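Taking it in order: structure first as structure tokens, then the write-up.
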Amino acid sequence: AQSVTQPDIHITVSEGASLELRCNYSYGATPYLFWYVQSPGQGLQLLLKYFSGDTLVQGIKGFEAEFKRSQSSFNLRKPSVHWSDAAEYFCAVAGRGGGSNYKLTFGKGTLLTVNP
Amino acid sequence: NAGVMQNPRHLVRRRGQEARLRCSPMKGHSHVYWYRQLPEEGLKFMVYLQKENIIDESGMPKERFSAEFPKEGPSILRIQQVVRGDSAAYFCASSPQDGPYEQYFGPGTRLTVT
């Protein structure tokens, strides 16, 4: 069964600093990979996704993520964090085979706090 | 284009009552997914429905939980005889096709069982 690990439960950064949120997955092959963001009391918004091709993926709000097959990782990055980026971030995967590629498996999330 | 709509946003039920959660997918979307977010846990897949069909309910608890997506109207997640452990946020998502396409999430229904 596939699984997702987000090692950092809570990260605090200063506004303007760079950010990297870690995500590792366990799956027999390369899954479909996603990053979602959830603001307090809100639903999830897709930041970016990786299906194939270029391993560096650009998303909305200035975020990017890099897929590294050798490390089974899909880390999210942003060069300069804004106060409005404070939220909870979820990494998710979906399997490529077996007819269940619609089923997202989420990590437990990383809560981002941004200090002024 | 309105997004995925869920109602109610907050629902309080006493133990033993029934909870009915509604989800209207985005216009043009015929695939609906329900996820549950328990405290201190990530989101867990519950069920995948298309109009009038349950495609995959492998994440649904075996008892008390049911889901439907009728030909007309919203998708309904129904929880009978709620217990305190059912307290969670329930999210609905929709997509225009099946497969690993972007799933658009609603704002969720936060169920509290007292």
Side-chain angles (χ1 to χ4, degrees), chain A residues 1-10 21 23-27 29-53 57 59-60 74 87-111, chain B residues 2-10 21 23-26 29-50 53-60 69 88-112:
Chain A
Q2 60 212 35
S3 65
V4 178
T5 301
Q6 294 181 246
D8 304 304
I9 297 173
H10 187 192
L21 301 182
C23 172
N24 294 96
Y25 65 87
S26 174
Y27 184 65
T30 299
Y32 300 108
L33 296 155
F34 307 83
W35 274 100
Y36 282 85
V37 60
Q38 183 181 27
S39 298
Q42 302 298 313
L44 284 80
Q45 181 181 24
L46 181 70
L47 287 174
L48 45 77
K49 60 184 182 284
Y50 174 78
F51 286 1
S52 64
V57 180
I60 62 171
F74 189 55
E88 190 156 22
Y89 291 79
F90 292 93
C91 181
V93 304
R96 286 186 183 265
S100 64
N101 54 11
Y102 48 80
K103 189 184 298 185
L104 295 176
T105 298
F106 286 87
K108 292 189 176 182
T110 297
L111 180 64
Chain B
V4 177
M5 301 179 68
Q6 291 188 249
N7 67 80
R9 293 291 305 275
H10 299 274
L21 287 61
C23 169
S24 296
M26 287 183 70
H29 288 193
S30 58
H31 302 257
V32 166
Y33 316 83
W34 285 92
Y35 292 83
R36 178 167 65 172
Q37 186 177 35
L38 290 164
E40 300 184 359
E41 293 191 21
L43 288 91
K44 305 285 188 187
F45 168 84
M46 299 181 74
V47 62
Y48 164 36
L49 309 106
Q50 296 177 21
N53 281 303
I54 298 174
I55 307 302
D56 181 351
E57 57 182 348
S58 59
M60 291 273 274
F69 189 17
Y90 293 82
F91 290 93
C92 170
S94 71
S95 67
Q97 306 173 55
D98 62 5
Y101 297 100
E102 178 174 350
Q103 293 181 18
Y104 294 81
F105 281 79
T109 294
R110 279 148 184 85
L111 173 65
T112 301

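Nothing here was measured: the structure is a model prediction, and the numbers come from that model. Both backbone and side-chain heavy atoms feed into the values below; hydrogens, waters and symmetry mates do not.
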- A:Q45 portion near chain B, given a 4.5 angstrom heavy-atom threshold: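 Contact with chain B involves no heavy atom of A:Q45 at all.
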- Task: Starting at CH2 of B:W34, measure out to CZ of B:F91 and round the result to the nearest 0.5 Å.
- Result: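 Here the interatomic distance stands at 11.0 Å.
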- Message: When you measure from the side chain of B:Q103 to the backbone of A:Y102, do you find a donor-acceptor pair of N or O atoms at a distance under 3.5 Å?
- Response: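 Flag set: sc B:Q103 to bb A:Y102 pair under 3.5 Å.
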- Keeping the roles fixed (side chain from A:Q6, backbone from A:C91), state whether a donor-acceptor pair exists under 3.5 Å.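 Present.
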- Query: What part of B:Q37 gets closer than 4.5 Å to chain A, counting heavy atoms only: side chain, backbone, both or neither?
  - Reply: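 Only the side chain of B:Q37 comes within 4.5 Å of chain A.
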- So which part of B:Y35 gets closer than 4.5 Å to some heavy atom of chain A, the side chain, the backbone, both or neither?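 For B:Y35, the side chain is the part near chain A, not the backbone.
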- Task: Before giving the answer on side-chain hydrogen bond (donor to acceptor under 3.5 Å, both in side chains), spell out for A:T105 and A:Y25 the whole-Å C-alpha distance, their side-chain angles and the decisive distance to 0.1 Å.
- Result: CA-CA 10 Å; A:T105 298; A:Y25 65 87; over 6 Å; no
